There are 2 protein chains.
Amino acid sequence: MGIVRKTKAVNTVLNIFEHNNEAKSVVNLIELVKGEMNKTTVYRILDRLEQDGTIHCFNGKDGLKWYAKCNGCSENHHYDLHPHFQCTNCDKVECLSLEVKIPSLKNHKVDTTDILLMGQCSDCLT
Amino acid sequence: MGIVRKTKAVNTVLNIFEHNNEAKSVVNLIELVKGEMNKTTVYRILDRLEQDGTIHCFNGKDGLKWYAKCNGCSENHHYDLHPHFQCTNCDKVECLSLEVKIPSLKNHKVDTTDILLMGQCSDCLT
DNA sequence: GGTTTAATGCAACTAAGTTGCGAAAGTAGA
DNA sequence: TCTACTTTCGCAACTTAGTTGCATTAAACC
Ligand SMILES: [Mn+2]
Ligand SMILES: [Mn+2]
Ligand SMILES: [Zn+2]
Ligand SMILES: [Zn+2]
């Protein structure tokens, strides 16, 4: 069970994800809402939104937690196995709607993948 | 510049990687050599061995640092862009000699990838 | 409005990883 | 083998991400 009460803090976090489509690191989110809510609250809201299938979580290049909006996930069905791209210059992270084919592995059962591409984003290329 | 002096501590760490081919988390390595050397030393030796192209570093599923032996890398050439597999049951990590094709991204320059497959390893499947 | 209980704030904690500095130990050359 | 030079190490203190327990606050439902 994720979000059951639409608190002020929940709405603030939701607004951040609604307003632009970029992924956000937890560190950045905490910074963004500083003064408005406690960091513990941020972590707990993100947990609940993830359970609901509203956002999904993944690790950035430094092993930090990042979150981004889901697209058609629900509490029961999470299907955001898409890869992510992180710019080595500006650190920005994007969700990619690419399909990456994973060759099958004998004697292994692959349930999920975590694919991070790194390099220069379009802003930093010019 | 990586390793310049073959100290006792360096040999201990090297032996761990020589003796079996598995990837090791830094946390696990520190545990393994507890009593023999300080954790700061472990971090510093791993840094130097990585610079030399002796081992390579990547993030496990929890965002922790893992290291494994390189295969034919040198100080000047690092080419271990292979994917890794981590068992969700026993946490073991393996280097995979798979080639994963990444579709090209327009307006992006992809320099490197970090691909982690997760699921059940052969030991945990039976 | 009053009651219930989820959600929040706060402070204290855990754990990974880093830094600075004085002491110890490789290494090369005499 | 001894010395001198410089890398490496140990230690303690620090930084930062993330977690936990508990008392207080505020949604939601009547
Ligand atoms: Mn995504
Ligand atoms: Mn590897
Ligand atoms: Zn960029
Ligand atoms: Zn396993």
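Keep in mind that this is a model prediction, so the values were computed, not measured. So you know, we letter chains A, B, ... as the sequences are listed, proteins then strands, and number each from 1. The basis for the numbers below is simple: all heavy atoms, side chains too, and nothing from hydrogens, waters or symmetry mates.
- In this structure, CH2 of W66(B) is placed 17 Å from C1' of dG17(C), rounded to the nearest angstrom.
- Summary for the helix from dG1(C)-dC30(D) to dA30(C)-dT1(D): the axes at its two ends, each from 5 pairs, differ by 30° when rounded to the nearest 10 degrees.
- Between F58(A) and H84(A), the angle of the ring planes stays under 30°, which puts this pair in the parallel group of the 30/60° scheme.
- In terms of the salt bridge (charged side-chain N to carboxylate O under 4.0 Å, His left out) criterion, residue partners of K34(B) (sequence neighbours excluded) are, by chain and number, E31(B).
- Screening residues 43-68 of chain A for salt bridge (Lys or Arg N to Asp or Glu O under 4.0 Å), with sequence neighbours left out, gives K61(A)-D91(A).
- Under the side-chain hydrogen bond (donor to acceptor under 3.5 Å, both in side chains) criterion, the residue pairs touching residues 12-21 of chain B are T12(B)-E36(B), with sequence neighbours excluded.
- Side-chain contacts under 4.5 Å among hydrophobic residues (ILVMFWY), followed directly or transitively, place M1(A) together with V4(A).
- dA7(C) atom C1' lies 11 Å from atom CE of M1(A), rounded to whole Å.
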Base, backbone or nothing for each nucleotide of nucleotides 18-26 of chain C, written B, S, -, heavy atoms under 4.0 angstrom, 5' to 3'?
BBB----BB
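- By the ring-ring contact (aromatic ring centres under 6.0 Å, His included) test, H108(B) pairs with F85(A), sequence neighbours left out.
- Shown here are the salt bridge (charged side-chain N to carboxylate O under 4.0 Å, His left out) partners of D111(B), two or more places apart in sequence or in another chain: K109(B).
- By the ring-ring contact (aromatic ring centres under 6.0 Å, His included) test, F17(B) pairs with no residue at all, sequence neighbours left out.
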Give every donor-acceptor pair under 3.5 Å between a side-chain atom in residues 116-126 of chain A and any protein atom, sequence neighbours left out.
from    : atom 1 : to      : atom 2 : distance (Å)
D123(A) : OD2    : K92(A)  : NZ     : 2.9
T126(A) : OG1    : D123(A) : O      : 3.3

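- dT8(C) atom P lies 14 Å from atom CD1 of I30(A), rounded to whole Å.
- Judged as a salt bridge (charged side-chain N to carboxylate O under 4.0 Å, His left out), and not counting sequence neighbours, K6(A) has no contacts.
- Interface limits on DNA chain D: the 5'-most and 3'-most nucleotides within less than 4.0 Å of chain A heavy atoms are dA17(D) to dA28(D).
- Across the interface with DNA chain D, nearest-nucleotide mapping of G63(A) and N38(B) shows N38(B) to be the residue nearer the 5′ end.
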